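Data block below; observations after.
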Amino acid sequence: MPRLEQAVIDSFNSFFRREAQKSNLQVRSFSLGGQDTWGGADYVLSDQSQFALIEFKYTQNEIASEVMKDRRLKLCKELETDTMMRELHDQCHFIAWAEHPKMEGRCNVYRLEVCNQKVFGATCGLSAQRPSEVPRISARQFTTEFFANRPPRSLSLKDFETYLAWLLTVASSSRKSSLQLLTFDDSSDECAMVPLASIRDAYEWMQRQAPQPKQEPPRDGI
């Protein structure tokens with residue numbers, strides 16, 4: 001069977017939107033495009049206030065292909081020594097795939113799947129020998145926790161900007177400290193898109209798109 005990574009992405013994002021709709025939440029899945037080289041992920045997910053990065057693979061077997069990305073070993077090594085960034089990473093940077101045999105979505109913290117000797121080799125200098133299996137969760141649990149009141153699977157704008165700037169400039173040696181995004185313009189009758197210059201720009205744009213609460217008409221005599 002061909003490696004259908006994009007089909008996994010489409011299914012995960014569709015599920016993410018469907019679960020959000022059950023709670024009357026508005027969500028966005030922003031593709032990073034070529035910026036995945038620095039961002040270590042394929043998409044930014046947001047519910048208009050919280051954010052997460054997610055890398056996708058067709059199946060778990062393809063996770064080992066991260067060894068071919070030059071900047072990922074540096075990210076792993078930086079995470080071993082920077083406690084604060086490791087804590088932020090564990091709350092917002094994930095990897096997802098389709099699990100055999102039922103091909104159901106599975107997810108884990110990125111470093112717990114990738115940052116180990118099984119992926120990068122015994123001489124890579126990383127302390128973990130193998131991926132950590134216990135924290136793996138279903139796509140359903142991921143979305144449930146993403147939408148929680150105090151979400152353990154996403155970060156606020158401020159914390160996400162802090163982690164993202166570190167990820168791009170320190171761990172990936174990029175000259176940019178944020179991401180440029182492009183998203184569908186729901187307000188247009190055409191297939192129009194909105195360019196967003198940064199994560200903060202995306203946040204402010206999403207706030208403007210949020211439905212406004214209905215105001216009750218005044219009672220007679222008031």
Side-chain angles (χ1 to χ4, degrees), residues 5-6 9 12-13 27-57 62-96 108-116 119-121 124-128 146 153-185 192-209:
E5 180 178 303
Q6 188 59 50
I9 294 173
F12 192 100
N13 285 337
V27 295
R28 289 275 166 175
S29 299
F30 299 99
S31 173
L32 269 62
Q35 297 171 106
D36 62 343
T37 300
W38 298 280
D42 295 307
Y43 277 77
V44 170
L45 304 182
S46 179
D47 64 353
Q48 298 186 326
S49 60
Q50 298 287 124
F51 295 85
L53 287 163
I54 187 159
E55 168 76 11
F56 287 98
K57 299 296 181 185
E62 278 71 57
I63 292 177
S65 66
E66 291 296 280
V67 70
M68 296 184 290
K69 300 177 180 179
D70 297 338
R71 294 171 175 84
R72 299 295 79 84
L73 179 56
K74 180 173 173 55
L75 167 62
C76 291
K77 289 182 176 180
E78 292 285 351
L79 288 170
E80 286 207 344
T81 59
D82 195 322
T83 304
M84 186 182 80
M85 289 304 153
R86 186 167 65 246
E87 290 178 356
L88 295 179
H89 171 93
D90 288 1
Q91 294 180 69
C92 78
H93 201 156
F94 305 98
I95 189 166
N108 200 355
V109 174
Y110 182 90
R111 72 174 180 90
L112 297 180
E113 288 291 337
V114 177
C115 299
N116 58 77
V119 172
F120 287 101
C124 66
L126 298 175
S127 58
F146 189 100
R153 302 289 174 181
S154 62
L155 290 176
S156 66
L157 173 65
K158 180 180 178 181
D159 287 342
F160 188 68
E161 284 184 315
T162 298
Y163 173 73
L164 186 61
W166 173 87
L167 170 65
L168 295 175
T169 60
V170 176
S172 297
S173 301
S174 171
R175 295 180 180 179
K176 297 182 181 297
S177 60
S178 192
L179 297 166
Q180 295 181 358
L181 304 173
L182 188 69
T183 192
F184 175 63
D185 184 358
M193 284 150 273
V194 180
L196 302 164
S198 66
I199 289 296
R200 180 164 293 271
D201 195 18
Y203 171 83
E204 292 173 352
W205 179 82
M206 287 188 290
Q207 296 305 304
R208 294 194 295 271
Q209 309 310 305

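All of these numbers come straight from a predicted model, not from anything done at the bench.
Residues Val27 and Phe146 are not in side-chain contact: their nearest non-hydrogen atoms beyond the backbone lie 4.5 Å or more apart. You'll find the side chain of Gln91 stays beyond 4.5 Å of the side chain of Tyr163, heavy atoms only. Contact annotation: the side chain of Asn116 never approaches that of Leu126 to less than 4.5 Å [non-hydrogen atoms, C-beta and beyond]. With contacts defined as side-chain heavy-atom distances shorter than 4.5 Å, the pair Phe94/Val109 qualifies. Counting heavy atoms from C-beta outward, Ile54 and Phe12 have side chains that approach closer than 4.5 Å. Side-chain contact between Asn13 and Leu45: present, with at least one pair of heavy atoms (C-beta onward) separated by less than 4.5 Å. Side-chain contact between Trp166 and Leu88: absent, with no pair of heavy atoms (C-beta onward) separated by less than 4.5 Å.
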Intermediate values then yes/no, side chain to side chain contact (heavy atoms under 4.5 Å, CB included), Leu179 and Phe30
CA-CA 10 Å; Leu179 297 166; Phe30 299 99; over 6 Å; no

Let's go through Thr83 and Arg86 carefully: what are the C-alpha distance in whole Å and the side-chain angles of both, what is the deciding distance for side chain to side chain contact (heavy atoms under 4.5 Å, CB included) to 0.1 Å, and is it a yes or a no?
CA-CA 5 Å; Thr83 304; Arg86 186 167 65 246; 3.7 Å; yes

Evaluate the side chain to side chain contact (heavy atoms under 4.5 Å, CB included) criterion for residues Lys57 and Ser65: first the C-alpha distance (whole Å), next the side-chain angles of each, then the deciding distance (0.1 Å), finally the verdict.
CA-CA 9 Å; Lys57 299 296 181 185; Ser65 66; 3.2 Å; yes

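In this structure a side-chain-to-backbone donor-acceptor pair under 3.5 Å is present from Ser46 to Gln50. A distance-only check finds no donor-acceptor pair linking the side chain of His89 to the backbone of Leu79 [under 3.5 Å]. Checked by atom type and distance alone, the side chain of Gln35 pairs as donor or acceptor with a backbone atom of Leu32 at under 3.5 Å. Looking at Arg72, its side chain does come within 3.5 Å of a backbone N or O of Thr37 through a donor-acceptor pair. Between the side chain of Ser172 and the main chain of Leu167, a donor-acceptor pair closer than 3.5 Å is present. Side-chain atoms of Glu66 never come within 3.5 Å of backbone atoms of Val119 as a donor-acceptor pair (strictly under, hydrogens ignored).
The pair Lys69-Glu55 counts as a salt bridge, with a side-chain nitrogen and a carboxylate oxygen less than 4.0 angstrom apart.
Closest of all the heavy-atom pairs between Trp38 and Ser174 is CD1-CB, 3.4 Å. Minimum heavy-atom separation, Gln180 to Ala197: CG-O, 3.7 Å. Nearest heavy-atom pair, Lys74 versus Val170, reported as atom, atom and distance to 0.1 Å: CE-O, 3.0 Å.
Lys77 pairs by the salt bridge (Lys or Arg N to Asp or Glu O under 4.0 Å) definition with nothing, not counting sequence neighbours. For the salt bridge (Lys or Arg N to Asp or Glu O under 4.0 Å) test, no residue two or more places apart in sequence or in another chain qualifies with Lys176.
To the nearest 0.5 Å, atoms CZ (Phe51) and OG (Ser156) are separated by 9.0 Å. Interatomic distance, Leu157 CG to Gln207 CD, rounded to the nearest 0.5 Å: 9.0 Å. Rounded to the nearest 0.5 Å, atoms CZ (Phe56) and CG (Asp36) are 12.5 Å apart. Atoms OG and CZ, on Ser178 and Phe160 in that order, are 8.0 Å from each other to the nearest 0.5 Å. Summarising the geometry, atom CG belonging to Asp201 is positioned 9.0 Å from atom CG belonging to Leu181; distances are rounded to the nearest 0.5 Å. From Asp159, atom CG reaches atom CG of Leu164 across 12.5 Å, with rounding to the nearest 0.5 Å.
The salt bridge (charged side-chain N to carboxylate O under 4.0 Å, His left out) analysis of residues 160-170, with sequence neighbours excluded, yields the pairs Glu161-Arg200.
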